[in-house]
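Since this is a predicted model, take the numbers as computed values, not measurements. Here is how names work: the chains are called A, B, and so on, in the same order as the sequence lines, proteins then strands, and each is numbered from 1.
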Amino acid sequence: MSTEQSVEEFVPTTWTGKIRKSAQRALPYDKLMPETQPAYVASWIYVFGVLTIAALAMIIVSGTILSIEGPTWWHESSTGHFVNSLHFWSVQLFFLFMVIHLWGKFWMAAWRGNRARTWITGVIAFVISIAAGLSGYAVQTNFDSQWVAFEAKDGLNATGVGAYFSVTNLGQMLMVHIFLLPAVIAIIVVAHVLFVRLRGVVPPIDAALVEERNRVEEMQS
Amino acid sequence: MLGITDPPVATPTFIEWGWFSISIPNLIVIGVMVLLFALAFVLPFPGSHGKDSTGDES
Ligand code: HEM
């Protein structure tokens, strides 16, 4: 295998080769998984994106256990009740971290420097997460979920979207909640993080100039 | 029997202020988020590899 061949020398003849070449040029490994970050990243506000991912991982792990064991287990055994609570509280933390992340990115205008796609995938993640949360409340299979589903049905029907799905349809909501929306969120989050890596972490507004100066100095040395 | 036959979660207490009303739990969560947001900017971040900060000018 010619690992020594540089990306630029490589002339692809197939579509897999073309994809590989453009991926290697856009995101070489050192850019994809860097070992260092600019000094301004040493602040707690940059941790909230990863905290959101950590909460999402807990949601997926606890949700997987819930779907293997089933509703009787999570209603009637104390272990089941515990895992159910773990799922619920991970969601609360997920939204809490995501909102602080969003505020942080909003106030540092993190869409600067051709980073609109990062912001937009964030917006989509936020909206879809709300739908995932609602569908979750609708599939608890208790009186709470019945009440939530019937209240939500009236609200959604008032907007007209009730023509496409019904929150009172437990089978539909279950599939939406445990497959469709989690899959979409996972894909969006991967894209979101890849977009961050593609452009690098946005410099704080007043550090953008310092960053530029350092880059020039580095090129000269 | 845990949960399944319990009545729905009790209605929380609401704070009313003219047209504006908010439940205490929601108010607490928003308060916690604002607090964490503020702390994220003022608390020192540990373990930055001793490299001189570039953006540190204020
Ligand atoms: C599922 C929810 C989300 C996850 C898991 C997530 C994850 C991340 C991670 C890990 C980063 C890089 C580290 C950091 O700066 O924190 C990041 C950056 C970013 N996020 Fe999110 N995020 C989410 C939602 C959002 C939302 C709702 C917005 C705003 C609408 C948003 C906007 C941004 C922006 C603009 C950046 C890039 C900043 C830069 O390029 O320096 N994200 N996100």
Taking side chain as everything from C-beta outward and backbone as N, CA, C, O, which of these in A/Tyr46 sits under 4.5 Å from a heavy atom of chain B? Side chain, backbone, both or neither.
neither
Decide if atom CZ of A/Phe82 counts as having more than 12 heavy atoms of other residues, nucleotides or ligands within a radius under 6.0 Å.
no
If every non-hydrogen atom of A/Ser43 is compared with every non-hydrogen atom of B/Ala40, which pair is closest and at what distance?
OG-O, 3.6 Å
Is it the side chain or the backbone of A/Val47 that comes within 4.5 Å of chain B heavy atoms, both, or neither?
side chain
Around B/Glu16, counting heavy atoms of other residues, nucleotides and ligands shown, do more than 12 lie under 6.0 Å from its CD?
yes
Result of checking B/Leu36, B/Leu35, B/Val32, B/Val34 against A/Ile100 for side chain to side chain contact (heavy atoms under 4.5 Å, CB included):
B/Leu36
Short question: side chain of A/Trp44, backbone of B/Phe41 - any donor-acceptor pair under 3.5 Å?
no
How far apart are the closest heavy atoms of B/Met33 and A/Leu96, and which atoms are they?
CG-CG, 3.6 Å
To the nearest 0.5 angstrom, please state how far the CG atom of A/Leu102 sits from the CZ atom of B/Phe37.
10.0 Å
